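Written out below as structure tokens is the structure these notes cover.
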Amino acid sequence: MTLVVGIAALWFVNSKAAPEETKPVPTSGVAVPGAPLAEADVPRCRALVAGLPDVVGELPRRAVVGNTEQTAAYGSPAITLACGGPATTFPPTGTLFPINGVCWYGEQATGANVFRTVDRVTPVVVSIPTSYQGQLIAGFSSSVAAAVPAVAEPPAACKN
């Protein structure tokens, strides 16, 4: 079962075409919406944002406008990360992706693949434009695992 989930995860994150040309990354900040934070989430989100890598894949980190304690952005078009907000819900048949110690629920939205943590006490959402290829979500998992504690009872599909 783990092998099937792993293969499905790789297919999902690798199913989109990469941009043909490398464009310069704008120096302007990216507006990334963030949900109001519960008091307990503030230090976790600060630690997460502070611990994020400078580069994900080959995409450099960009400045964000507003919500700087809980959001981050990379590349152009921007991959965005937001920490905090309501717990992730997903359908019983939804596919979960355990990647580098964090369990993500992935879904396709208009122009992006959106990944939400399902096993963390503070939710984290990463939106990756469909123009990118590769397992870019993996670049966030270690930072999330280090900064945001896991829930006591993760979904069964997330347990090893």
Side-chain angles (χ1 to χ4, degrees), residues 1-19 30 32-38 40-53 55-59 61 64 67 69-75 77-160:
M1 180 62 166
T2 302
L3 178 60
V4 172
V5 171
I7 291 170
L10 287 175
W11 174 84
F12 182 78
V13 296
N14 287 317
S15 64
K16 302 299 176 190
V30 178
V32 182
L37 292 177
D41 292 337
V42 173
R44 294 178 193 133
C45 290
R46 282 182 185 157
L48 170 59
V49 170
L52 288 169
V55 176
V56 170
E58 295 181 5
L59 304 171
R61 190 161 173 180
V64 295
N67 300 311
E69 294 182 327
Q70 70 186 102
T71 63
Y74 292 81
I79 293 173
T80 61
L81 174 143
C83 179
T88 301
T89 59
F90 56 94
T93 58
T95 302
L96 301 179
F97 303 102
I99 300 172
N100 297 338
V102 177
C103 198
W104 302 89
Y105 169 63
E107 60 188 338
Q108 294 181 335
T110 303
N113 292 314
V114 179
F115 294 89
R116 302 172 191 280
T117 58
V118 297
D119 66 340
R120 301 288 128 180
V121 296
T122 302
V124 177
V125 179
V126 176
S127 179
I128 301 175
T130 56
S131 58
Y132 292 118
Q133 177 179 329
Q135 198 173 5
L136 294 172
I137 192 64
F140 297 97
S141 288
S142 295
S143 297
V144 170
V148 183
V151 296
E153 284 298 318
C158 300
K159 297 176 183 178
N160 292 335

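Computed from a predicted structure; not experimentally measured. Side chains are part of it too, since the values below use all heavy atoms of this structure and drop only hydrogens, waters and symmetry mates.
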Which heavy atom of [X] sits nearest to which heavy atom of [Y], and what is that distance?
X      : Y      : value
Tyr132 : Gly75  : OH-C, 3.9 Å
Pro33  : Ala82  : O-CB, 3.7 Å
Thr130 : Asn113 : CG2-N, 4.2 Å
Tyr105 : Pro91  : OH-CD, 3.3 Å
Ala150 : Val121 : O-CG1, 3.8 Å
Val32  : Val64  : CG2-CG1, 3.9 Å

Determine which pairs satisfy disulfide (SG to SG under 2.5 Å) with at least one residue from residues 77-107, sequence neighbours left out, and list them in order. Cys45-Cys83, Cys103-Cys158
Considering only heavy atoms from C-beta outward, does the side chain of [X] approach that of [Y] to under 4.5 Å?
X      : Y      : value
Pro155 : Phe90  : yes
Val124 : Val102 : no
Ile137 : Trp104 : yes
Pro86  : Pro123 : no
Thr117 : Val148 : no
Thr71  : Val49  : no
Pro154 : Lys159 : yes

Residues forming a side chain to side chain contact (heavy atoms under 4.5 Å, CB included) with Ala147, sequence neighbours excluded: Ala47, Leu48
Set of residues satisfying side-chain hydrogen bond (donor to acceptor under 3.5 Å, both in side chains) with respect to Ser127, sequence neighbours excluded: none
Could you tell me the separation between the [atom1] atom of [X] and the [atom2] atom of [Y], rounded to the nearest 0.5 Å?
X     : Y     : atom1 : atom2 : answer
Ile79 : Leu59 : CD1   : CG    : 5.0 Å
Thr88 : Leu96 : OG1   : CG    : 10.0 Å
Glu69 : Asp41 : CD    : CG    : 12.0 Å

Is it the case that the ring center of Tyr74 lies less than 6.0 angstrom away from the ring center of Phe140? yes
Has the side chain of Ser141 got a donor or acceptor atom that lies under 3.5 Å from a matching backbone atom of Gly101? no
Would you sort out whether Gln70 and Arg44 count as a side-chain contact (heavy atoms from CB on, under 4.5 Å), showing the intermediate values? CA-CA 9 Å; Gln70 70 186 102; Arg44 294 178 193 133; over 6 Å; no
